[in-house]
Number of protein chains: 2
Amino acid sequence: MTSPMHWSRWGDPAKVHPVSASTRGLIEAFVGPVEERPTVALDDVALPPIGLAGDLLGGLRALVGDDHVLTDDESRVRHTRGKSTPDLLRIRGGDASDAPDAVVRPQGHDEVARVVRWCSDERVALVPFGGGTSVVGGLVARREGYAGTIALDLTRMKRLVAVDHESMTATLEPGLLGPEAEALLTSEGVTLGHHPQSFEYASIGGFAVTRSSGQASSGYGRFDSIVVALRVATPIGDLELGQSPSNASGPDLRELIMGSEGAFGVVTEVTVRVRNVPPVKVYEHWRFPSFLEGAAAMRALKQAGIAPTVLRLSDELETMVNLADPSSVGAESQPGCLMVTGYEGDQATVDRERSVVSAALSDLGGTSDGIDESWASGRYDGPYLRDSLLDIGVLVETLETVTYWSQIPALYEDVKTALAGSLGNPIVLCHISHVYETGCSLYFTVAVKMDGDGIDQWLAAKAAASDAIIAAGGSITHHHGVGTDHKPWLAQEIGPVGVEILRAVKDRLDPAGVLNPGVLVP
Amino acid sequence: MTSPMHWSRWGDPAKVHPVSASTRGLIEAFVGPVEERPTVALDDVALPPIGLAGDLLGGLRALVGDDHVLTDDESRVRHTRGKSTPDLLRIRGGDASDAPDAVVRPQGHDEVARVVRWCSDERVALVPFGGGTSVVGGLVARREGYAGTIALDLTRMKRLVAVDHESMTATLEPGLLGPEAEALLTSEGVTLGHHPQSFEYASIGGFAVTRSSGQASSGYGRFDSIVVALRVATPIGDLELGQSPSNASGPDLRELIMGSEGAFGVVTEVTVRVRNVPPVKVYEHWRFPSFLEGAAAMRALKQAGIAPTVLRLSDELETMVNLADPSSVGAESQPGCLMVTGYEGDQATVDRERSVVSAALSDLGGTSDGIDESWASGRYDGPYLRDSLLDIGVLVETLETVTYWSQIPALYEDVKTALAGSLGNPIVLCHISHVYETGCSLYFTVAVKMDGDGIDQWLAAKAAASDAIIAAGGSITHHHGVGTDHKPWLAQEIGPVGVEILRAVKDRLDPAGVLNPGVLVP
């Protein structure tokens with residue numbers, strides 16, 4: 001099972017390893033000489049005093065039990081912010097000023113519902129906390145005007161509540177991390193097939209409320225298309241949605257909870273569509289002369305209804321530095337653009353689909369580089385590399401967007417131009433990992449020599465890129481979510497009437513405004 | 001192009017023809033002797049006086065032009081209610097008490113936006129009117145408390161605004177009826193593939209705001225999955241949604257407008273995903289020993305990812321009376337259950353898919369009855385048969401629901417039991433025409449000898465069936481929508497917190513409550 005997440009880095013401390021000499025050489029060729037950056041020790045992190053009054057802490061203990069209201073320093077540090085690069089830079093620098101006053105760990109829907117109502121009554125801000133993997137400031141609640149702030153840690157809620165093998169659905173509690181959910185489901189012979197890069201540390205509840213999208217989204221769909229039912233605790237009562245896969249019973253309110261990022265209620269159960277565990281998984285490398293030719297091929301596959309389970313394309317620079325396999329960054333570079341195709345199913349289905357796709361890709365100008373046995377094993381390793389680069393003073397962060405196919409070339413260029421304009425001479429890599437009939441995502445990885453603590457440097461670049469995304473007609477986020485970081489651009493994307501809809505729902509469900517205050521709603 | 005809809009019947013008056021002797025014989029064998037029921041002439045329909053004051057009519061004329069504010073009797077009758085059986089029975093009896101005071105026909109988004117704001121300012125109720133095909137009371141607005149009621153007829157708004165052949169999207173105005181939209185799209189080589197039974201008379205705007213689902217939904221998807229962007233005029237301003245196919249930019253507000261049935265705003269442009277016009281369409285008949293065995297086969301296809309474009313299954317009684325082809329009702333009856341499979345695409349794709357599906361269906365207990373050349377041509381004819389049966393005193397209506405596969409057998413039995421309990425000895429036919437990996441729709445056709453004017457008789461039966469649907473865990477509607485008829489059961493389906501969400505959005509977007517008052521929001 002997954003080891004606990006490091007408090008100031010991504011993932012399992014045992015998996016951290018320094019940047020190799022070859023990678024460092026490649027980086028320095030781009031950004032110039034770099035140097036080690038020390039980080040503070042856990043004991044040296046500066047925590048704010050606990051703001052919650054003793055009687056309020058007592059009230060929480062009465063709700064969930066003494067053992068499940070934590071106020072020790074380490075628990076508070078571990079529930080401070082998420083895992084964006086600015087989040088990491090702040091905590092590496094010893095800044096835990098956004099720490100919650102207490103970590104509250106309820107067990108089951110009824111306890112969550114009681115805590116939610118209590119927080120509303122007592123004006124205590126509540127930040128739902130699953131895996132803590134937000135990269136958009138989704139765990140940085142506004143503190144002013146509240147009697148205190150708690151992190152509502154959902155990781156005691158790890159049950160597989162039910163499996164319906166006929167309907168192919170499963171009901172999961174929100175605190176299950178990706179591997180935990182898959183292990184429970186696999187024991188029933190089924191799978192979610194949802195594998196975002198954060199898979200090892202992100203939670204089922206987080207997947208739902210942020211509209212997560214996995215690396216096999218072409219075959220399994222986005223998480224919002226996998227969810228069929230939701231149970232939600234709000235300050236004004238419980239909400240149970242999803243009597244059917246789809247219906248015409250008015251607006252689809254599931255689609256309002258998905259994407260709500262804890263601002264409308266706390267999701268306590270998620271019912272998902274599952275599939276049988278595929279006996280065969282084959283991943284293959286293809287090569288295209290250029291990014292746009294590769295993108296056109298992806299578009300052709302999707303619009304012909306023959307896209308495989310995994311479909312991913314790196315641009316020329318990402319292909320050159322081999323970021324698709326973080327353990328090999330800096331190894332022998334390759335020409336053109338790398339595409340990864342993946343097929344999952346029984347042998348006959350995999351063979352049939354692979355044959356159809358391969359014929360199409362060849363016709364579309366691709367060349368097969370053969371089976372890649374190792375692709376799936378390395379696909380969660382990107383964030384480890386980021387930590388190791390931060391260690392040597394290289395600022396690294398990612399950002400992503402999505403739009404319609406005809407707007408993709410301009411959006412791609414505009415974002416690169418904006419990043420270059422802000423950062424001078426950054427390394428900007430890009431890939432497409434999620435395709436639709438009408439459009440696709442663009443996922444950028446940016447690296448540059450760190451200037452000062454890197455925070456203001458990145459925030460300026462991020463703002464420039466976000467402005468470019470909105471100006472080019474893209475969405476401010478394809479799968480990272482809104483949090484606090486994307487709010488100004490969300491407001492531009494959905495316009496003032498859209499903002500009023502979010503505010504209206506927020507005001508009605510959370511009249512005291514205690515749920516993840518400052519997150520999502522502009 | 002489509003002929004105008006008859007004012008008191010479905011569709012093209014030229015297509016009306018009496019029930020054949022064989023059909024009448026079959027009906028009488030079930031329900032006993034029937035007799036002709038006269039209907040009133042258009043001149044004898046009783047209209048309420050025009051309630052809108054002259055200065056308000058003048059205000060409307062100033063907004064859209066004198067020619068586009070209609071107050072003549074025929075225009076008012078033609079915009080009275082929709083096409084449910086109770087709607088037809090009332091208008092056949094000369095009751096036009098729900099007629100609007102005036103019919104207003106704006107041209108373009110800006111005119112719609114001005115009328116919407118004016119209605120909000122003047123407290124004039126506004127009923128958006130596209131094809132007028134609602135079967136759930138979606139056009140029967142509450143009148144009390146308003147300075148008058150207008151039908152906002154959108155059928156001057158029939159432009160194909162844009163086609164993006166690369167992204168495979170098209171932007172359509174809401175007043176286009178199904179065949180009009182398809183004709184414009186076909187001239188561009190593309191298609192929506194959306195063919196509900198109401199196709200010939202329903203509008204693009206109506207498809208969007210009611211979450212319509214077509215007979216080829218297995219291949220093309222529900223209309224809500226086809227829509228990518230929406231432009232909406234609300235009393236507080238314009239709303240433009242859909243910068244991308246999917247995203248994580250907070251809740252998906254498109255899914256709140258879809259299903260809103262004119263209660264949140266008026267949709268003025270709909271951007272849809274299109275596909276290339278398929279050169280080949282093949283429809284085939286299969287036969288299964290029983291309804292549940294056929295349903296299990298459909299489930300197996302969908303869960304294996306190999307469902308064809310059209311997939312439909314009639315139960316034993318529907319198969320026996322051959323309702324799948326309304327022109328042949330009463331012809332030689334057939335054993336078992338009829339399944340229709342349909343394949344659309346190029347010849348190679350159709351051949352490949354048909355081969356895979358046929359092998360699977362044979363393995364699952366099905367027997368092919370061969371190609372059906374005529375299926376597609378008769379698929380919009382059901383409502384004509386209803387009129388002809390009403391003419392001879394046979395009450396006929398349909399209702400539909402959807403749930404998860406494991407709940408389908410109980411839901412099927414419970415609805416039939418409820419209808420029999422209310423109606424005595426009705427004919428109840430059922431089919432499945434929309435399948436999902438996790439569940440399917442059930443569509444019931446009910447016929448019984450009319451008691452009195454038939455209205456109270458049907459409303460009681462409908463209430464009993466609706467109670468049974470909710471009790472069995474189904475959704476109150478799969479694709480007809482909520483309107484006024486389904487409101488009490490929608491409230492049960494989404495619960496009090498769900499109702500509060502709808503009210504909150506309604507209150508914020510439509511503070512004067514003028515948009516289709518009484519529709520949708522419990």
Side-chain angles (χ1 to χ4, degrees), chain A residues 164 166-169 210-211 222 224 228 234 236-241 243-253 255-256 258-260 273 303 402-406 436-439 473-482 490 493-498 500-502 504-505 507-509 520, chain B residues 164 166-169 210-211 222 224 228 234 236-241 243-253 255-256 258-260 273 303 402-406 436-439 473-482 490 493-498 500-502 504-505 507-509 520:
Chain A
D164 177 345
E166 186 177 352
S167 307
M168 291 300 276
T169 62
T210 61
R211 299 185 162 270
R222 302 169 56 86
D224 42 274
V228 294
T234 85
I236 66 164
D238 293 346
L239 184 59
E240 300 198 20
L241 299 169
Q243 272 77 356
S244 58
S246 288
N247 58 61
S249 301
D252 192 338
L253 301 181
E255 301 282 354
L256 201 64
M258 291 190 286
S260 67
R273 177 251 291 154
Q303 291 179 347
V402 52
T403 192
Y404 300 101
W405 288 111
S406 61
Y436 306 91
E437 286 182 62
T438 56
S475 284
I476 190 57
T477 172
H478 173 263
H479 58 269
H480 282 169
V482 177
L490 174 69
E493 181 172 340
I494 64 175
V497 177
E500 283 304 314
I501 293 174
L502 297 183
V505 175
D507 292 347
R508 191 72 59 107
L509 297 186
L520 177 68
Chain B
D164 177 344
E166 185 176 352
S167 307
M168 291 299 276
T169 61
T210 61
R211 299 185 163 270
R222 302 170 56 87
D224 42 275
V228 294
T234 85
I236 65 165
D238 292 345
L239 184 60
E240 299 197 21
L241 299 170
Q243 271 78 356
S244 58
S246 289
N247 57 63
S249 301
D252 192 339
L253 300 182
E255 300 282 353
L256 202 63
M258 291 190 286
S260 66
R273 176 252 291 153
Q303 291 179 348
V402 53
T403 191
Y404 300 101
W405 288 111
S406 61
Y436 306 91
E437 288 182 59
T438 57
S475 283
I476 191 58
T477 172
H478 173 263
H479 58 271
H480 282 169
V482 176
L490 174 70
E493 182 172 340
I494 64 176
V497 177
E500 283 305 314
I501 294 174
L502 296 183
V505 175
D507 292 347
R508 191 71 61 108
L509 296 186
L520 177 68

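Each chain gets a letter, A, B and so on, in the order its sequence line appears, and its residues count up from 1.
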Winner by heavy-atom pair count (cut-off under 4.5 Å) against chain B, out of A/Ile476, A/Asp507, A/Leu256: A/Leu256
Spacing of B/Ser246 atom OG and A/Arg222 atom CZ [to the nearest 0.5 Å]: 4.5 Å
Pair A/Thr169-B/Thr438, side-chain donor/acceptor within less than 3.5 Å: no
By salt bridge (Lys or Arg N to Asp or Glu O under 4.0 Å) - contacts of B/Asp164 (at least two apart): none
Leading residue by heavy atom contact count with chain A [cutoff under 4.5 Å; candidates B/Thr234, B/Ile494, B/Thr210]: B/Ile494
Spatial distance of atom CD1 (A/Ile501) from atom CG (B/Leu241) [nearest 0.5 Å]: 6.5 Å
Residues which pass salt bridge (Lys or Arg N to Asp or Glu O under 4.0 Å) with A/Glu437, listed by chain and number, not counting sequence neighbours: B/Arg273, B/Arg275
B/His480 portion near chain A, given a 4.5 angstrom heavy-atom threshold: backbone
Contact winner vs chain B - A/Gly495, A/Gly473, A/Pro496, heavy-atom pairs under 4.5 Å: A/Gly473
Side chain, backbone, both or neither of B/Tyr404 within contact of chain A (heavy atoms, under 4.5 Å): both
Worked check of side-chain contact (heavy atoms from CB on, under 4.5 Å) between B/Glu240 and A/Val497: CA-CA 9 Å; B/Glu240 299 197 21; A/Val497 177; over 6 Å; no
Exercise: identify the closest heavy-atom pair between A/Thr403 and B/Ser244: CA-CB, 3.9 Å
When B/Gly237, B/Ala504, B/Pro245 are compared by non-hydrogen pairs under 4.5 Å with chain A, the top option: B/Pro245
Between B/Glu493 and A/Ser249: side-chain donor-acceptor atoms closer than 3.5 Å: yes
Most contacts with chain B, counted as non-hydrogen pairs under 4.5 angstrom, among A/Met168, A/Glu255, A/Glu500, A/Met258: A/Glu255
Most chain B-contacting option - heavy-atom pairs closer than 4.5 Å, from A/Leu520, A/Asp238, A/Asn247: A/Asn247
Donor-acceptor contact present, side-chain A/Arg211 to main-chain B/Pro251, <3.5 Å: no
Max heavy-atom pair count under 4.5 Å with chain B, selected residue of A/Asp224, A/Leu253, A/Val505, A/Leu490: A/Leu253
Smallest separation among heavy atoms of B/Gln243 and A/Ser475, with atom names: CB-OG, 3.7 Å
